[in-house]
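Chain identifiers are assigned alphabetically (A, B, ...) following the order of the sequence lines, protein sequences preceding nucleic acid strands; residue numbering begins at 1 within each chain.
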Protein chains: 2
Amino acid sequence: MRIGELAGRADVSTRALRYYEEQGLLESGRTVSGQRVYPESAVDRVRLIQELFTAGLSSRLIVTLLPAIDARRIDPELLQRLVGERAAIEAKLVGLQAAARRLDLLIDLATHPDTTSCPASLEQGAAQPV
Amino acid sequence: MRIGELAGRADVSTRALRYYEEQGLLESGRTVSGQRVYPESAVDRVRLIQELFTAGLSSRLIVTLLPAIDARRIDPELLQRLVGERAAIEAKLVGLQAAARRLDLLIDLATHPDTTSCPASLEQGAAQPV
DNA sequence: CTAAAACTTGACGTTGACGTCAAGGGCAAG
DNA sequence: CTTGCCCTTGACGTCAACGTCAAGTTTTAG
């Protein structure tokens with residue numbers, strides 16, 4: 001298929017697809033006249049890339065990750081990076097979860113009229129709420 | 001305290017603090033000579049702001065949120081936005097966790113020599129791994 | 001054959017949360 | 001007094017993941 005169809009089926013812009021190629025995330029064949037041609041598998045590939053992007057991974061990480069996923073073979077150096085990135089993701093998770101709790105408290109505060117809800121815990125220094 | 005100390009204690013740059021002020025997220029008193037002065041409570045305030053930023057909230061949203069937090073009163077419109085943001089965070093969390101699992105599988109694959117580990121589940125269409 | 005739709009590369013624009021000078025003012029220590 | 005660190009206000013730079021023309025080529029529909 002050509003770039004327009006892939007874009008439609010993977011629900012991204014053609015610009016995004018060219019960007020992915022530029023970053024080494026996505027390959028494409030070419031017709032004689034130079035137009036990009038993709039196999040069916042590209043749809044899932046692009047969806048995978050999107051998934052990793054929305055997870056907040058950088059294209060730099062993804063570009064190292066994809067070959068590892070494909071080859072299922074990881075040299076020690078890459079392993080080091082993966083471990084490092086895993087830690088970074090964990091940190092992000094922790095931060096996001098804290099933020100999520102904070103938002104939940106706010107939402108509670110707003111939905112519950114104003115029952116003597118959660119005493120403090122919206123401001124800082126509330127100690128772990130459970 | 002002055003800006004340098006606040007920056008140190010809240011673990012952000014002085015530039016960030018000035019940016020927060022610019023965005024209306026953080027107030028400061030001034031000495032006669034014009035230097036910013038903050039109360040102790042500013043430390044927690046800045047940490048809260050940071051937390052909301054890591055949650056992916058924009059400064060525009062935060063600037064409307066902070067007074068609501070202070071007043072412990074949130075109008076329905078703001079509530080709607082919060083619920084939306086909460087959902088966005090949840091989606092991000094799910095995405096990040098999926099990415100984390102992928103990384104874990106890769107790391108496993110690399111550390112374990114190559115036991116017939118987890119069959120597929122690295123590529124697409126692996127169905128929920130639990 | 002022709003016009004529209006889809007494609008190409010190239011290059012500049014956007015947004016948010018700051019980083020990073022630049023040029024100067026203020027203040028405790030020696 | 002002057003050295004040195006902290007502070008001030010600009011104002012331009014950055015980075016990522018594209019968006020958005022522009023100008024030209026190719027493919028498709030009629």
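Within the 4.5 Å cutoff, no side-chain heavy atoms of B/Ile62 are placed close to those of B/Gln23. Side chains of B/Ile49 and B/Leu52 form no contact here, defined as non-hydrogen atoms less than 4.5 Å apart. Counting heavy atoms from C-beta outward, A/Leu65 and B/Leu103 have side chains that approach closer than 4.5 Å. Between B/Leu79 and A/Leu106, every side-chain heavy-atom pair lies at or beyond the 4.5 Å cut-off.
Among pairs with a residue in residues 54-67 of chain B, none fulfils salt bridge (Lys or Arg N to Asp or Glu O under 4.0 Å), at least two apart in sequence or across chains. Residue pairs satisfying the ring-ring contact (aromatic ring centres under 6.0 Å, His included) criterion with at least one member in residues 53-97 of chain A, sequence neighbours excluded, are listed as follows: A/Tyr20-A/Phe53. Residue pairs meeting the ring-ring contact (aromatic ring centres under 6.0 Å, His included) criterion with at least one member in residues 22-50 of chain A: none, sequence neighbours excluded.
Among the atoms of the strands shown, only primed sugar atoms or phosphate atoms (P, OP1, OP2) are found under 4.0 Å from some heavy atom of B/Ser13. Contact annotation for A/Arg18: base contact, defined as any heavy-atom pair under 4.0 Å involving a base atom.
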Anything under 3.5 Å between a donor and an acceptor, one on a side chain of residues 5-12 of chain B, the other on a protein residue two or more places apart or in another chain? List them.
residue : atom : partner : partner atom : Å
B/Arg9  : NH1  : B/Glu40 : OE2          : 3.0
B/Arg9  : NH2  : B/Glu40 : OE1          : 2.9

Report, one line per pair, each donor and acceptor closer than 3.5 Å where one atom sits in a side chain of residues 87-100 of chain A; sequence neighbours left out.
residue : atom : partner : partner atom : Å
A/Glu90 : OE1  : A/Arg86 : NH1          : 2.7
A/Lys92 : NZ   : A/Gly56 : O            : 3.1

Kindly list each side-chain donor-acceptor pair under 3.5 angstrom involving residues 25-32 of chain B, sequence neighbours excluded, with atom names and distances?
residue : atom : partner : partner atom : Å
B/Ser28 : OG   : B/Glu21 : OE1          : 3.1
B/Ser28 : OG   : B/Glu21 : OE2          : 3.4
B/Arg30 : NH1  : B/Gly34 : O            : 2.9
B/Arg30 : NH2  : B/Glu21 : OE2          : 3.1
B/Thr31 : OG1  : B/Ser33 : N            : 3.3
B/Thr31 : OG1  : B/Ser33 : OG           : 3.0
B/Thr31 : OG1  : B/Gly34 : N            : 3.3
B/Thr31 : OG1  : B/Gln35 : N            : 3.1

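Under a 4.0 Å N-O distance rule, the pair B/Arg47/B/Asp44 qualifies as a salt bridge.
Two different hydrophobic clusters hold A/Ile3 and A/Val37 under the rule that ILVMFWY side chains link at heavy-atom gaps under 4.5 Å.
Residues from residues 1-9 of chain B lying near DNA chain D, meaning a heavy-atom separation below 4.0 Å, are B/Arg2, B/Ile3, B/Gly4 in numerical order. Listed by residue number, the members of residues 81-91 of chain A with any heavy atom below 4.0 angstrom from DNA chain C form an empty set. Residues of residues 21-34 of chain A that place a heavy atom closer than 4.0 Å to DNA chain C, in numerical order, are A/Arg30, A/Gly34.
With rounding to the nearest 0.5 Å, the separation of CG in A/Leu105 from CG in A/Leu109 is 8.5 Å.
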Where do N or O atoms of nucleotides 1-5 of chain D meet protein N or O atoms at under 3.5 Å, pair by pair?
none

*Report the C-alpha separation of A/Leu48 and B/Arg102 in whole Å, then their side-chain angles, then the decisive distance to 0.1 Å, and conclude whether the side-chain contact (heavy atoms from CB on, under 4.5 Å) test is met.*
CA-CA 11 Å; A/Leu48 171 58; B/Arg102 279 185 211 274; 3.4 Å; yes
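Checked against side-chain hydrogen bond (donor to acceptor under 3.5 Å, both in side chains), A/Arg81 has the following partners two or more places apart in sequence or in another chain: A/Glu85.
In this structure, A/Gln50 places its CD atom 14 Å from C1' of D/dA16, rounding to the nearest Å. Rounded to whole Å, atom C1' of C/dC18 lies 19 Å from atom CZ of B/Arg60.
Mapped onto DNA chain D by nearest heavy atom, A/Ala16 and A/Gln35 fall at different nucleotides, with A/Ala16 at the one closer to the 5' end.
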*Sugar-phosphate atoms are those with a prime plus P, OP1 and OP2; base atoms are the rest. Using that split, label each nucleotide of nucleotides 10-16 of chain C B, S or - for protein heavy atoms under 4.0 Å, 5' to 3'.*
-B-----
